[in-house]
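Just so you know, ligand 1 is whichever comes first in the structure, and atom 1 is the first atom listed for that ligand. Since this is a predicted model, take the numbers as computed values, not measurements. We're numbering straight along the sequence, starting at 1.
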Amino acid sequence: MLNFKKEIAKQIANVTNVNEKEIEKYIEIPKENTNGDYAFPCFKLAKELKKAPPVIANDIKEKIEIDEKIISKIEIVGGYINFYINKETLSKEVLKEFENNKEYGKSEIGKEKNIVIDYSAPNIAKPFHIGHLRSTVIGAALYNIYKYLGYNTIGINHLGDYGTQFGKLIEGYKLWGKEYNIENDPINELTKIYIRINDLCKKDENVLEQCRYNFKLLEEGDSYCKEIWTKFRDLSLKEFQKVYDLLGSKFDSWNGEAFYSDKMQEIIEILNKTGKLVESQGARIIDLADKGINTPCIIEKSNGSTTYATRDLAAILYRARTYNFDKALYVTSYEQTLHFKQVFEVAKLLGLDEKYTNGLEHVPFGMVLLPTGKMSTREGNVVKLEDLLNEAIERAYEIIEEKNSELEDKEEIAKKVGIGAVVFNDLANSRIKDEIFDWDTILNFQGDTGPYIQYTYVRTRSILEKATYIPLMKDIDIKLLQDEYSLNIIKIIYNFEDTLIQVTNKEEPSILSRYLIDLAKAFSNFYNENKILGEEEKLQKARIYMTYMVSNILKIGMSLLGIQMPEKM
Ligand code: ARG
């Protein structure tokens with residue numbers, strides 16, 4: 001597709017003798033239509049060209065030679081040059097691209113690049129909580145979008161299936177296992193055991209010591225400990241799978257922390273050789289104070305057990321070797337920011353090529369807050385995710401029943417709407433923001449929500465169904481799509497691929513969520529202002545085609561976010 005921004009950059013570069021790439025970086029997309037479609041802030045070049053911005057602006061305007069078919073008008077406003085693109089050319093480009101490309105916006109720009117995404121990663125024997133849901137949802141959206149752009153994408157569920165807490169659980173199970181029905185309701189029962197043994201540990205140092213010892217035995221491969229651990233793991237995974245089934249989550253690898261149990265020795269040996277691994281109160285640590293990190297990274301505890309950080313270091317080495325990654329993303333709450341800072345810093349000591357250490361990136365997200373406050377795992381104030389998702393489905397069902405009780409397959413639809421609402425809510429705002437989980441907001445059909453986009457999509461489907469045909473592109477008269485509302489949509493559609501690229505530049509799926517809200521709103525305006533069916537034939541065809549494009553892109557976009565579309569609702 002014709003790249004307007006690049007064309008403008010090329011011309012400005014010609015006139016000013018400044019590097020084209022640099023120019024391109026400065027070009028902005030104005031918020032108001034009245035400031036053109038692209039704007040160039042001339043003050044960015046003032047220093048370099050040793051001229052005042054208005055002088056630069058005039059120079060550029062005078063000398064520039066852009067085909068009228070590309071730019072129809074150039075205006076100087078303050079130190080800015082505003083460019084108005086030729087709307088007919090834009091419309092032609094968009095329609096042509098859409099016609100030629102069943103998977104609109106799909107690209108190959110990521111070819112031969114490997115992206116590892118570490119996400120979801122709930123902890124065995126603990127509830128799959130709403131923070132893990134956020135990780136699952138953000139990670140999956142990034143996964144889909146990278147893939148759509150042609151990257152080779154590897155999704156890893158780095159399960160929390162190892163660590164000292166298993167020493168505790170094993171001890172609790174040994175003491176009271178018979179009192180609990182863990183086969184039937186594993187997570188809840190194991191959580192109860194965990195809370196109980198934790199209490200006991202707080203009171204009795206000896207029990208705590210025994211728990212630590214259990215974990216050590218587990219690491220050494222003790223068969224009894226391993227057997228109990230395997231049982232906990234299997235039962236937990238079966239539970240987690242219920243959530244993944246509801247969300248439609250898939251992973252390429254389920255290598256959790258335990259997978260690295262035999263790969264940590266190498267890490268310790270490498271670190272040893274650097275001379276940076278030092279003793280501190282019986283533990284072995286890497287001091288990071290000179291890197292501006294005041295908490296040292298603990299590699300080995302005083303009883304010889306490894307840590308969460310050591311396992312992450314082993315995972316980095318393993319992933320570099322196995323996947324040859326260009327980027328390795330870690331999607332977790334911002335509570336783990338320090339952990340990843342430490343791990344990424346220590347990773348520089350592993351002797352890996354810089355390509356790998358530069359590619360490590362923590363993708364933190366904010367907390368999910370109930371209107372009543374933070375959800376916590378340790379204190380037992382947990383919302384079980386499976387219940388939450390099922391509640392979403394039930395609530396969606398009630399709304400649908402109220403709005404359209406005649407509908408067939410209400411259950412299927414309620415599932416798509418309910419789950420879609422929860423997923424979209426996780427992606428609606430920039431990820432670092434804390435999010436308040438409030439049912440009325442999430443399920444509001446008129447808000448900036450998943451159901452609103454689904455509802456708009458369903459409207460496009462019903463228009464297309466009534467139309468009974470999709471016109472051929474060659475029968476579309478572009479001139480009939482030059483009204484404000486049509487052009488607004490066309491401009492948004494033009495920006496689809498660029499939006500996906502921005503998502504990957506910032507690891508920020510909300511850029512796509514906002515985009516889809518804008519597209520849905522633009523369509524609602526178009527629909528309110530323009531009659532689609534029952535118009536004179538040529539006009540009707542053009543507008544049906546617009547509807548068809550919007551319909552497709554809404555669906556593609558939502559599926560990239562991991563959300564399914566109902567055809568009716
Ligand atoms: N299991 C961890 C948790 O629940 C998340 C793991 C994230 N991934 C990683 N490689 N550390 O907090």
Which heavy atom of Ile154 sits nearest to which heavy atom of Tyr143, and what is that distance?
C-CE1, 3.9 Å
Quick one about Lys355 and Asn324 (side-chain donor to acceptor, distance below 3.5 Å, no hydrogens or angles considered), yes or no?
yes
Closest approach of Val346 to Cys297 (non-hydrogen atoms, all atoms of both residues)
CG2-CB, 3.8 Å
Would you please indicate yes or no on a ring centroid separation below 6.0 angstrom for Tyr119 and Phe251?
yes
Taking all non-hydrogen atoms of both residues into account, name the closest pair between Ile298 and Thr307 and its distance.
O-OG1, 2.8 Å
With a 4.0 Å heavy-atom cut-off, what residues sit around ligand 1?
Asp118, Ala121, Asn123, His132, His158, Tyr308, Asp312, Tyr330, Thr332, Gln336, Phe340
Minimal heavy-atom distance between Trp254 and Arg233, with the atoms involved, is O-NH2, 3.8 Å
